[in-house]
S.K.: 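Handing you this structure, nothing more for now.
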Amino acid sequence: MENAAKDLADKYRRLGGTRLALIDDNLGSSREWEHDPPEAARFWDEKIAVLTDRERRDVETYLPSVSDADNGHTTR
């Protein structure tokens with residue numbers, strides 16, 4: 001799933017997705033502070049939100065990190 005997870009995260013970002021990863025003690029989630037463009041929101045809902053918790057966490061690890069965004073940097 002790792003390559004598929006990266007591909008999904010990359011496509012979501014190319015569509016203008018704005019979610020950021022929040023990784024804490026090896027538990028992952030994502031947060032949306034800005035609204036996604038309609039295409040990115042639809043892609044998230046149809047391709048990522050429907051994944052198992054583990055698969056979705058795998059995708060989220062390829063999103064820019066909240067902690068890095070706070071410092072003006074991204075990890076991926």
Side-chain angles (χ1 to χ4, degrees):
M1 177 69 187
E2 187 171 321
N3 288 336
K6 183 177 184 328
D7 292 343
L8 286 170
D10 288 348
K11 182 163 185 183
Y12 168 74
R13 297 292 294 168
R14 281 193 306 273
L15 292 170
T18 60
R19 288 177 183 263
L20 298 174
L22 178 58
I23 310 297
D24 186 31
D25 293 332
N26 295 327
L27 299 175
S29 65
S30 65
R31 297 290 185 260
E32 179 184 16
W33 281 279
E34 298 178 26
H35 292 290
D36 281 341
E39 299 85 8
R42 187 170 30 259
F43 183 81
W44 184 273
D45 290 343
E46 294 175 359
K47 302 292 185 181
I48 300 171
V50 298
L51 297 172
T52 66
D53 288 344
R54 180 181 172 102
E55 291 169 331
R56 191 173 52 256
R57 279 192 308 272
D58 288 345
V59 172
E60 291 166 343
T61 64
Y62 288 100
L63 296 177
S65 169
V66 169
S67 60
D68 291 336
D70 287 343
N71 296 321
H73 305 286
T74 58
T75 58
R76 309 243 183 213

S.K.: Of all the heavy-atom pairs spanning Tyr62 and Ala9, show the shortest one and how long it is.
M.R.: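 Looks like CB-CB, 3.5 Å.
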
S.K.: Measuring from atom CG of Leu63 to atom OG1 of Thr18, what distance do you get when rounded to the nearest 0.5 angstrom?
M.R.: 10.0 Å

S.K.: Between OG1 of Thr61 and CZ of Arg57, what distance do you get to the nearest 0.5 Å?
M.R.: 10.5 Å

S.K.: Which atoms form the tightest heavy-atom contact between Leu8 and Phe43, and what is the distance?
M.R.: O-CE2, 3.5 Å

S.K.: Return the minimal non-hydrogen interatomic distance between Val50 and Glu46, and the atom names on each side.
M.R.: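 Where Val50 meets Glu46 most closely, the heavy atoms are CG2-O, 3.4 Å.
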
S.K.: Salt bridge between Asp53 and Arg56, side-chain N to carboxylate O under 4.0 Å?
M.R.: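 Salt bridge present between Asp53 and Arg56.
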
S.K.: Using every non-hydrogen atom in the two residues, find where Ala41 and Asp36 come nearest and quote the distance to one decimal.
M.R.: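 Where Ala41 meets Asp36 most closely, the heavy atoms are N-CB, 3.8 Å.
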
S.K.: Check Tyr12 against Ile48 and note the closest heavy-atom contact, atom names and distance.
M.R.: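 Shortest heavy-atom contact: CB-CD1, 4.1 Å.
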
S.K.: Go through Lys11 and Asp7 one step at a time and tell me if the side-chain contact (heavy atoms from CB on, under 4.5 Å) criterion holds.
M.R.: CA-CA 6 Å; Lys11 182 163 185 183; Asp7 292 343; over 6 Å; no

S.K.: Going from CG on Asp58 to OG1 on Thr52, what distance comes out if it is rounded to the nearest 0.5 angstrom?
M.R.: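 So the CG of Asp58 and the OG1 of Thr52 are separated by 7.5 Å.
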
S.K.: Which heavy atom in Gly16 sits nearest to a heavy atom in Ala40, and how many Å separate them?
M.R.: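 Looking at all heavy atoms of both residues, the closest pair is C-CB, 4.0 Å.
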
S.K.: Please list, chain by chain and in numerical order, all residues satisfying side-chain hydrogen bond (donor to acceptor under 3.5 Å, both in side chains) with Asp45, sequence neighbours excluded.
M.R.: none

